[in-house]
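Encoded as structure tokens, the structure appears first; notes follow it.
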Amino acid sequence: MPTPTHFSRYPVFPSDTSFPVADIPTISLTKLQAGSTEESSRLYEACRKEGFLFVDLSESRQGQTLLQYGGKMFDLIENTLTLDQSTLEKYACDAPRSLIGYKRKGILKVDDSTRDCIEVYTLSQDDILGNIPPLSNPAPIESNRHDCRGFFESAFTVVNVLLGHLDRQLDLQPGTLEARCALDKPSATSLRMLLSPAQPEDRRINLGGHTDIGLITLLFNVTGGLQVLPAGSENIDENWRYIKPQPGCALINIGDTLTEWAGGLLRSSLHRVVSPPGPQAQLPRQSLVYLVRPEKGATMQRLKGGSVIPPLGDEEDDTRDVDSWAVWRAQQVMDGVLKPESRGGK
Ligand SMILES: O=C(O)CCC(=O)C(=O)O
Ligand SMILES: [Fe+2]
């Protein structure tokens, strides 16, 4: 998570059993950077079994840089999403075609009778890094473009360490996964900044169960509220588990596209956001979600070569373009047609 200062602003995550916590492994970035085969196997196991893991950034220089930028982005969420509604509406996104820009509360279905209660501002990586002509964003973002760039670059540096180990574990040529999402390649990669209002009286779902569409997600939050449905559990309320934020760590989860590319070996897990547990619900909740998507023009086709990813056999290869696939899926989910569920994993 960003810095201890951000943690100290909130009551601690309650320890009573009415807020059951998921068992999520913590992997050391320093050990991965040093090439530890044991840590690499632990990473791969977590990507297959839970689809979620913490990466401890605190001992690594690159990790600490990311923590610092994460802290700055947390301040930016507050400065941006507390602007008045009419200012934010000028940047309204064009969902589901594109989520870049501002999303007000209530656009997404949580279930048949309820809508989401999260405000979101989504920043395009291409915009911040100059892969496309600049877009217009609210003033707090425009005056902090330099820090936004620092966030994207340092977050990708960390993600790239993970992708390098996944190449190795999946018996792919070194650099295979990075080459498909490199920073200078136009893509739908984005940084989602989320803010939910305080909801002390209300134990409700803020963002319905979903899987992330892209390759891999790096997430920072300070208060609880994110929940995962553990592998093998039926989708009923009692089975959902909270993910307890860990200081000095980023939370990572595998997305649908990487699961498809790897022939289902990795797990894209169903997750959702509910009111923060206990006293944490008295304050607004922020979170920062870096969603890595493949380069434009890539397809959903399974990665070939190597001895680990299973060959296709009789199944048909999915030649759809990644971005049109994502828009199609987002529309299905928004309309409540497609019931999201976990994919892949062992
Ligand atoms: O707010 C969170 O903790 C998670 C949000 C999330 O899952 C998403 O934006 O895809
Ligand atoms: Fe998500």
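Just follow the structure's listing: the first ligand is 1, and inside any ligand the first atom is 1. The basis for the numbers below is simple: all heavy atoms, side chains too, and nothing from hydrogens, waters or symmetry mates. Treat the numbers as computed from the prediction; the structure is a model and nothing was measured. When a residue number appears, it is its place in the shown sequence, counting from 1.
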Only N/O/S atoms count here: what is the atom of His210 closest to the Fe ion (ligand 2) called?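 It is NE2 of His210.
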Nearest to the Fe ion (ligand 2) - the N/O/S atom of Asp212, by atom name: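 So the atom name we want here is OD1.
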Minimum-distance protein heavy atom relative to atom 1 (O) of ligand 1: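 Atom 1 (O) of ligand 1 sits closest to the protein heavy atom Ser287 OG, 2.6 Å.
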So does [Y] get a backbone contact from the side chain of [X], meaning a donor-acceptor N/O pair under 3.5 Å?
X	Y	result
Asp167	Thr176	yes
Asp126	Ser187	yes
Asn239	Glu234	yes
Gln286	Phe74	yes

For ligand 1, is there an atom lying under 4.0 Å from some heavy atom of His210?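 Yes; His210 lies near enough to ligand 1 that a heavy-atom distance drops under 4.0 Å.
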Please give me the minimum heavy-atom distance between Glu119 and Leu81, naming the atom from each residue.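 In this case the closest contact between Glu119 and Leu81 is O-CD1, 3.7 Å.
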With a heavy-atom distance limit of 4.0 Å, tell me whether Arg192 approaches ligand 1 through its side chain, its backbone, both, or neither.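 Side chain only.
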Within reach of ligand 1, part of Asp212 (heavy-atom separation under 4.0 Å):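 The part of Asp212 near ligand 1 is the side chain, not the backbone.
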Close-contact set for ligand 1 against Arg285 heavy atoms, below 4.0 Å: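 Near Arg285, the atoms of ligand 1 are 1 (O), 2 (C), 3 (O).
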For ligand 1, which atoms, with element, lie under 4.0 Å from some heavy atom of His271?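 Close to His271: 7 (O).
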Is the Phe52-His271 ring centre distance short of 6.0 angstrom?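 Aromatic pair counts; centres sit under 6.0 Å.
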